[in-house]
Amino acid sequence: MQAVIDHTRVSIVQGDITEQSADAIVNAANPGLMGGGGVDGAIHRAGGPAILEQCKQIISSQGPLPPGKAAASTGGRLKATYVIHTVGPIWHGGVRNESRILASAYRECLKVAADMKLTSVAFPSISTGAYGYPLVEASRIAISSVCSFLRGRASTINRVVFVLFDSKTHQSYCSALQQVIETAD
Ligand code: ADP
């Protein structure tokens, strides 16, 4: 499904983010940026060693990436030119600012993309795998933080796509976008 939010097409698809040909795909990384399981491992495997090389440089120049922040590397062998690495919150029951950190992760990725004058960005579902964030709440935060970023400023970004691995996650993001569309009407 898709919607247009202030000149940007926001779409939701089910699939593998490593196959996307956007200017940048977002990685749900961990602070050490050394790769890992889930989407992080898939991106490093598909993109090859050039991504890890640049991640090491990012870590040596600025230290571990704090939750809610973002940094870009090459996309290596991926179709995407860049990978924007971000760190979502680990779910601790909602008492450790998880919602604020999750919203910040989406926003900071879009800020990095806009600063680099990119036009298209693909997101996975940050924090809803190993980090344990409840899916329905996470999908609402993902959609609302992206839409409010797009409404708040003019930028080069004209396409945002959420690429969700499984049908339950895909459904949840579709419902969240539907709610935003209905609220805006
Ligand atoms: P986190 O540690 O932030 O929770 P995970 O990688 O464990 O990150 O999970 C985040 C989401 O990414 C989950 O919904 C998972 O199913 C999904 N995922 C895993 N591999 C891929 C992939 N290749 N493309 C898109 N999404 C993926």
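Hydrogens, waters and symmetry mates are skipped; everything else that's a heavy atom, side chains included, is used. All values derive from a computational prediction rather than experimental measurement. Start at 1 and go down the list; that is how both ligands and their atoms are numbered. For the single chain, residues carry numbers from 1 onward in sequence order.
Residue Ser127 has at least one N or O atom closer than 3.5 Å to an N or O atom of ligand 1. Of the polar atoms of Asp40, none of the N or O atoms is found under 3.5 Å from an N or O of ligand 1, judged by distance alone.
The nearest heavy-atom contact from the protein to atom 24 (N) of ligand 1 is Ile17 N, 2.9 Å. Nearest non-hydrogen protein atom to atom 23 (N) of ligand 1 is Asp16 OD1, 2.8 Å. Atom 12 (O) of ligand 1 has its closest protein heavy atom at Val39 CB, 3.9 Å. Closest to atom 10 (C) of ligand 1, if we only count protein heavy atoms, is Ser125 O, 3.1 Å. In this structure, atom 4 (O) of ligand 1 lies nearest to the protein heavy atom Gly129 N, 2.8 Å. The protein heavy-atom contact nearest to atom 26 (N) of ligand 1 is Phe165 CB, 3.6 Å.
The pair Lys111-Glu108 counts as a salt bridge, with a side-chain nitrogen and a carboxylate oxygen less than 4.0 angstrom apart.
Listed by number with element, the atoms of ligand 1 under 4.0 Å from a non-hydrogen atom of Ala28 are 3 (O), 8 (O). With ligand atoms numbered from 1 in the order given, ligand 1 contributes 4 (O), 14 (O) to contacts under 4.0 Å with heavy atoms of Thr128.
Under 4.0 angstrom from ligand 1, the non-hydrogen atoms of Val163 all belong to its backbone.
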Throw together a table of side-chain donor-acceptor distances under 3.5 angstrom for residues 70-81, partners on residues two or more places apart or in other chains.
residue, atom, partner, partner atom, Å
Ser73, OG, His85, NE2, 2.9
Thr74, OG1, Gly76, N, 2.9
Lys79, NZ, Glu19, O, 3.3

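Aromatic ring pairs are classed by plane angle as parallel below 30°, tilted from 30° to 60° and perpendicular above 60°; the pair Phe123 and Tyr106 is tilted.
Contact between Gly88 and ligand 1 is absent, with no heavy atom of the residue lying under 4.0 Å from the ligand.
Grouped by direct or indirect side-chain proximity (heavy atoms under 4.5 Å, Ile/Leu/Val/Met/Phe/Trp/Tyr only), Phe165 sits alone.
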